[in-house]
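Below is one structure, written out as structure tokens; the observations come after it.
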Amino acid sequence: MQLPRHWRLNKQRYALEGEICTHCQAKIFPPRDICPDCGEAANTPLAFSGRGQVYSFTKVNQPPASHEEQAPYTVALIKLDEGPTVTAQLTDLDEDQQSVEIGIPVEMVTRKLYSDGDLGLLIYGYKFRPLIEHA
Amino acid sequence: MITKSNPDDILIAGIGITPVGEHWSKQLRSLALEAISAARRDAGELVPEAIYVANSLAPVLSSQTQLGALIADFAGLRGVEAYTIQAAEASGGAAVRQAYLALQSRQIDVALVVGVEKISERPSAELEDALVMSGDADYEAIHGVTTAAQAALVMQRYMHEFDLPEDAFAGFCVNAHANGANNPLAMFQRAIDEKKYAKAPMLCPPVNMFDAAPIADGAAALLLTRAGVFPQTPAHAQVRIAASSQATSTLALHDRPDLLSLSAASDSANKAYRLADIQAKDIEVFELHDRFSIFAALSLEACGFAERGEGWKLAQDGSIRPEGSIPICTFGGSKARGDSSGATGVYQIAELCLQLQGRAGGNQIPNVRTGMAQCLGGTGATAATHILQRVDDS
């Protein structure tokens, strides 16, 4: 069980908290403290909107032991509206997963990522679902 | 291009290759010893003064660290300076580079590199847990991504952007298996055709079973020395390391400014071309990273053999075959010889050396003098590149 490892990333997992570079305004997720664009220090927190588009995707049929209970599942690269790309699972899909295509709009939701270790620590975090048009 | 010898040249003095496969009865140390013994027999009298062990997964799969001391002791070299070099699937090339640097520094006269991996220790789901550690643990593996899924994310986007047919990558697999058929040490020694590729079940769409290399146990070893301290009359043509380089890119796929470009591969290849004072067109054989076929295509593009989005065409038109303009995976590559993770880079360099020495048997490309080997860690976060040349007055 890796308690501190997961606890320290709560803000990223639950709220997509990244950073903004105050020098060149680059928006950064995951946080990395040195701006990849200009090389200056970047540690001003920024909460991302959680909206984005599917940049690429695939279906995992043979999962690692850590994620066996969820298989099969779809993982994707999501290009966030603010710029960065993240790796995450897609969720709330049609049974045949036919609705997934490159370019579809998605939004972040909080779901169980997996259970860690014999003591059953449940790790929650971001997944993405096809965007639901809100009234 | 005629290459004269120089006393400062770093030479490959001996090669030891073991078959890749599921060696249930062998320990990691005994597999390493097999390769080391073969390399030492091949090299004659040379006694290694330092050992560089290339390994990626032993701490996880074999619950074993400190492979340097373990293997030095077990190989009858107790007391010798020894380390593990770990850079995922680029460990092999990275270890050769460390040996090269040590020899160049003149603190060491004879270096032993041994790549060894024991894959068959755990059930496949646990192996997946271990393999994906080469990516970003907190931002990739946590989401259940596998190495096949990472390759699929790249391949899906590549096929989308360049509007490719489903069988675009078949040629990589067909070439690898055709070459594996002539390699008595290959895991798969049977040729396959495009039809068989098309019928392969999907692993992670669009990556099918034939786009993915089998991962299994293996060990390969090299003895390296400087030409000036190599007293014997060599039994084989001498081969020197004309260039050695390494570069890195983002660990996570999602952090790449361009998902479809292997920047570490191109950076390290370009550095190697400069060091060897040659160009891509001078490379006559290329042992590249083909753990997944998409990476073979992207490696060809990164190293200057194809334009962006066109690496797959070299497989389709036969350019990568032994008789083509840029033969790759001439002993079967990871796809047919089998992939031994951290050991793979050592296999590549050993096989390339056999090509340049004219010892490649049924896989021999006639009269090759200059070749390149490149291994990638994970999705290309690390790239280690070596250019080898036959020394013509040997």
Side-chain angles (χ1 to χ4, degrees), chain A residues 2 5-6 8-9 12-13 16 18 26 28-32 36-37 52 54-80 83-91 97 100-103 111-114 116 123-128, chain B residues 60 122-161 163 201-209 211-212 215 249-260 263 292 294 379:
Chain A
Q2 299 175 300
R5 175 192 166 200
H6 297 299
R8 78 170 77 93
L9 294 176
Q12 282 70 47
R13 299 258 169 83
L16 277 183
I28 304 163
F29 189 91
R32 48 169 60 236
D37 289 355
V54 171
Y55 189 75
S56 192
F57 67 97
T58 187
K59 189 173 166 184
V60 175
N61 295 303
Q62 296 178 335
S66 56
H67 289 70
E68 263 175 330
E69 63 184 36
Q70 301 182 17
Y73 49 85
T74 298
V75 294
L77 294 173
I78 310 295
K79 186 145 179 58
L80 299 172
T85 304
V86 294
T87 300
Q89 282 189 25
L90 296 183
T91 187
Q97 306 191 6
V100 182
E101 279 175 47
I102 286 179
R111 292 283 191 275
K112 190 174 93 174
L113 298 182
Y114 73 107
D116 178 32
I123 311 301
Y124 286 86
Y126 51 84
K127 293 188 182 181
F128 287 78
Chain B
V60 186
R122 308 255 180 174
S124 61
E126 288 181 35
L127 175 61
E128 291 291 349
D129 274 335
L131 290 171
V132 80
M133 287 180 185
S134 64
D136 186 326
D138 284 343
Y139 291 99
E140 290 184 299
I142 189 102
H143 299 291
V145 170
T146 59
T147 52
Q150 289 176 313
L153 290 170
V154 179
M155 188 167 161
Q156 181 93 286
R157 185 75 203 183
Y158 186 93
M159 295 179 80
H160 172 80
E161 283 200 15
D163 195 19
M202 280 293 165
L203 190 58
C204 272
V207 170
N208 76 26
M209 297 295 283
D211 287 310
I215 309 172
S249 179
T250 69
L251 185 68
L253 268 185
H254 54 238
D255 287 329
R256 304 260 159 97
D258 178 359
L259 181 69
L260 304 183
S263 67
F292 295 97
I294 178 66
T379 55

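Quick note on labels: first sequence line is chain A, next is B, and so on, each numbered from 1.
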I'd like to know which of [options] tops the heavy-atom pair count under 4.5 Å against chain A.
| options | value |
| --- | --- |
| B/Val154, B/Leu259, B/Val207 | B/Leu259 |
| B/Met155, B/Arg157, B/Met202 | B/Arg157 |
| B/Gln156, B/Glu126, B/Glu128 | B/Gln156 |
| B/Asp138, B/Thr250, B/Val132 | B/Asp138 |

Select one option (side chain, backbone, both, neither) describing which atoms of [X] are under 4.5 Å from chain B's heavy atoms.
| X | result |
| --- | --- |
| A/Ala71 | neither |
| A/Gln62 | both |
| A/Val86 | backbone |
| A/Pro63 | backbone |
| A/Ile123 | side chain |
| A/Gln12 | side chain |
| A/Leu9 | side chain |

Nearest heavy-atom neighbours spanning [X] and [Y]:
| X | Y | answer |
| --- | --- | --- |
| A/Ser56 | B/Ala152 | OG-O, 4.4 Å |
| A/Tyr114 | B/Ile142 | CE2-CD1, 3.4 Å |
| A/Ser66 | B/Asp129 | OG-OD1, 3.2 Å |

ask   = So, does B/His254 use its side chain to make a donor-acceptor pair with the main chain of A/Pro84 at under 3.5 Å?
value =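 Not a single qualifying donor-acceptor pair exists.
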
query = Taking atom CG of B/Leu153 and atom OG1 of A/Thr58, what is their separation to the nearest 0.5 Å?
reply =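 The CG atom of B/Leu153 sits 6.0 Å away from the OG1 atom of A/Thr58.
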
request  = Can you tell which part of B/Asp136 gets under 4.5 Å to a heavy atom of chain A, answering side chain, backbone, both or neither?
outcome  =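 It is neither, since no heavy atom gets under 4.5 Å.
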
task = Identify which part of B/Ala137 has an atom lying under 4.5 Å from any heavy atom of chain A, answering side chain, backbone, both or neither.
result =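 Contact with chain A involves both backbone and side-chain atoms of B/Ala137.
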
query = chain A contacts: which residues in residues 143-150 of chain B have a non-hydrogen atom closer than 4.5 Å to it?
reply =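 The stretch touches chain A at B/His143, B/Gly144, B/Val145, B/Thr146, B/Ala149.
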
task = Dump the intermediate steps for side-chain contact (heavy atoms from CB on, under 4.5 Å) on A/Thr87 and B/Tyr139, then the final yes or no.
result = CA-CA 7 Å; A/Thr87 300; B/Tyr139 291 99; over 6 Å; no

ask   = Are B/Asp255 and A/Arg32 side-chain neighbours, meaning at least one heavy-atom pair lies under 4.5 Å?
value =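 The answer is yes, as the side chains (C-beta and beyond) meet within the 4.5 Å cut-off.
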
key: Side-chain heavy-atom pair B/Leu203, A/Asn61 within 4.5 angstrom cut-off   =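 Heavy-atom side-chain distance check fails, nothing below 4.5 Å.
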
ask   = Between A/Val60, A/Ile28, A/Asp116, which has the largest tally of heavy atom pairs under 4.5 Å with chain B?
value =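 Result: the option with the highest number of such pairs is A/Val60.
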
